[in-house]
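Report on the structure given below.
Because the structure is predicted, anything quoted here is derived from the model rather than measured. Heavy-atom basis, side chains included; hydrogens, waters and symmetry copies ignored.
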Amino acid sequence: MGERREQTMDTAGPPARGDRPDPATEAFLAHRNLLFTVAYEMLGSAADAEDVLQETWLRWAGVDLGTVRDQRAYLVRITTRQALSRLRALRRRKESYVGPWLPEPLLTAPDVAEDIELADSVSMAMLLVLETLTPTERAVFVLREVFDLGYDEIAEAVDKSPAAVRQIAHRARAHVAARRPRGAVSPARTQDALDAFQRAVETGDLQSLLDILAPDVVLLGDGGGVRQTVLRPVVGADKVARLLAAGLGRIAAAASLRPARVNGHPALLLRLGGVLDTVMAVRIDDGLITGLYAVRNPEKLSHMQRETTLCR
């Protein structure tokens, strides 16, 4: 591994004026957004993804760069291993989580939506599908389907043989295909559905709300035991529409709904008294809203203050 450099991400920040960062820092910073995206897609948590990047840096800072043929692949391998370890711990934490657990929403730049495959992979709907995979299946799926890594590279990252990785990838693809949103939905169609949803909610038009909700729509709320929300999934257009109409009707005077780009897709931000209270993301199937995801846990809203850069 070579001699460890006594350095952390805090001391590996921008170099002093006129200086260049050392080669390890330079390589890490060049790939940082990619590494964050890998970790976030595996974890669904920006806070945990940031922790994984810190752990990745600490290991990378001790590597003899002369032995590294492909710095990007090496960094992705470290990140994947750290994310796998974190994912297993995160799954144990979710067992005691109060109410439904939803991915941490990210305010994303317009260029994320332009990369259709990336936007699809980080959507709230897809991240929830990825939650149904085992940790190794999730790692293999993300690295292969999103980042197009070769089976040999993935095998090194997950400590499996290439043949085993191929089998895992096949199984994960089939699993995801059976659960992902039906039919490709363009951002424009998502925006149209969201606009119709917003108008119906703001006007209290129950029938218009029912018209945009699929009969089997599911509403999930994540308050983390800190903010009040539904503790179990609410299923069915009538139940969801009446719950939304009643709940938002009570806070109409202090509430405002504004569109935003969240995880590469149109979403709504609910503010109370000017303070962000809820991020509302949607899943669209065949032109109707089949999933509503309301994130209220304050600990999950910190990355809504600024845009997060995601890349492949």
Side-chain angles (χ1 to χ4, degrees), residues 1-2 24 27-28 30-95 101 103-104 115 117-118 120-123 125-180 310-312:
M1 289 291 286
F28 184 86
H31 298 296
R32 189 188 188 285
N33 292 335
L34 165 70
L35 302 178
F36 175 85
T37 308
V38 170
Y40 176 72
E41 293 215 23
M42 286 184 59
L43 300 167
S45 164
D48 285 286
E50 293 285 2
D51 287 344
V52 163
L53 258 63
Q54 179 73 20
E55 293 159 2
T56 298
W57 164 252
L58 291 174
R59 283 156 180 77
W60 175 247
V63 172
D64 178 0
L65 298 189
T67 65
V68 178
R69 288 181 294 126
D70 184 335
Q71 294 181 344
R72 179 183 184 274
Y74 199 104
L75 281 163
V76 168
R77 185 160 66 247
I78 299 175
T79 300
T80 300
R81 288 175 176 172
Q82 296 306 310
L84 271 172
S85 176
R86 180 63 62 110
L87 181 57
R88 293 179 178 112
L90 191 57
R91 289 203 162 195
R92 289 192 291 271
R93 294 210 311 263
K94 289 174 188 174
E95 292 175 1
W101 182 96
E104 186 174 349
D115 185 338
E117 289 184 357
L118 177 61
D120 177 64
S121 70
V122 297
S123 69
M126 178 57 77
L127 290 175
L128 283 172
V129 172
L130 296 182
E131 283 291 310
T132 64
L133 295 171
T134 68
T136 301
E137 286 174 342
R138 185 167 184 169
V140 170
F141 181 87
V142 166
L143 295 179
R144 181 63 183 171
E145 300 300 314
V146 182
F147 298 96
D148 199 29
L149 265 63
Y151 291 113
D152 289 345
E153 289 181 273
I154 299 172
E156 287 191 55
V158 300
D159 291 324
K160 302 284 185 183
S161 70
V165 166
R166 285 179 182 274
Q167 291 181 335
I168 293 170
H170 176 76
R171 186 167 65 243
R173 275 195 299 269
H175 183 96
V176 170
R179 292 163 176 80
R180 71 190 314 159
L310 302 175
C311 68
R312 293 197 291 167

When rounded to the nearest 0.5 angstrom, what is the spacing between [atom1] in [X] and [atom2] in [Y]?
X	Y	atom1	atom2	answer
Phe147	Leu118	CZ	CG	7.0 Å
Gln82	Asp51	CD	CG	11.0 Å
Leu87	Thr80	CG	OG1	11.5 Å
Leu130	Arg180	CG	CZ	9.0 Å
Thr79	His31	OG1	NE2	10.5 Å

For Thr132, side chain to side chain donor-acceptor pair (under 3.5 Å) partners two or more places apart: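 Scan of Thr132 (side chain to side chain donor-acceptor pair (under 3.5 Å), adjacent residues dropped) gives His175.
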
Partners meeting side chain to side chain donor-acceptor pair (under 3.5 Å) with Arg91 (sequence neighbours left out):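 Per chain and number, Arg91 pairs via side chain to side chain donor-acceptor pair (under 3.5 Å) with no residue.
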
Of all pairs that satisfy salt bridge (charged side-chain N to carboxylate O under 4.0 Å, His left out), the ones with a partner from [range], not counting sequence neighbours:
range	value
residues 125-134	Lys94-Glu131, Glu131-Arg138
residues 65-79	Arg77-Glu156
residues 139-155	Glu145-Arg173

Mind listing the closest non-hydrogen atom pair of [X] and [Y] along with its distance?
X	Y	answer
Ala139	Val158	CB-CG1, 4.0 Å
Ala27	Leu75	O-CD1, 4.0 Å
Leu65	Ala24	CD1-N, 3.6 Å
Leu127	Val122	CD1-O, 3.5 Å

When you look at Arg59 and Val63, which way does the side chain to side chain contact (heavy atoms under 4.5 Å, CB included) test go after all the steps? CA-CA 7 Å; Arg59 283 156 180 77; Val63 172; 5.8 Å; no

Show me the side-chain donor-acceptor pairs of residues 33-45 shorter than 3.5 Å, one per line, residues at least two apart or across chains.
residue: Thr37; atom: OG1; partner: Asn33; partner atom: O; Å: 2.7
residue: Thr37; atom: OG1; partner: Cys311; partner atom: N; Å: 3.1
residue: Thr37; atom: OG1; partner: Cys311; partner atom: O; Å: 3.3
residue: Tyr40; atom: OH; partner: Glu104; partner atom: O; Å: 2.6
residue: Tyr40; atom: OH; partner: Asn263; partner atom: ND2; Å: 2.8
residue: Glu41; atom: OE1; partner: Ser121; partner atom: OG; Å: 3.3
residue: Glu41; atom: OE2; partner: Ser121; partner atom: OG; Å: 2.8
residue: Ser45; atom: OG; partner: Asp48; partner atom: N; Å: 3.1
residue: Ser45; atom: OG; partner: Asp48; partner atom: OD2; Å: 2.8

Sequence neighbours left out, cut at 3.5 Å: what donor-acceptor pairs do the side chains of residues 159-171 make with other protein atoms?
residue: Asp159; atom: OD1; partner: Arg81; partner atom: NH2; Å: 3.3
residue: Ser161; atom: OG; partner: Ala164; partner atom: N; Å: 3.1
residue: Arg171; atom: NE; partner: Glu137; partner atom: OE2; Å: 2.9

Any idea how Phe28 and Trp57 line up, ring-wise: parallel (<30°), tilted (30 to 60°), or perpendicular (>60°)?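 The rings of Phe28 and Trp57 stand perpendicular, inter-plane angle above 60°.
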
Please assess Met126 against Val176 for the test side chain to side chain contact (heavy atoms under 4.5 Å, CB included), listing each intermediate value before the final yes or no. CA-CA 9 Å; Met126 178 57 77; Val176 170; 3.9 Å; yes

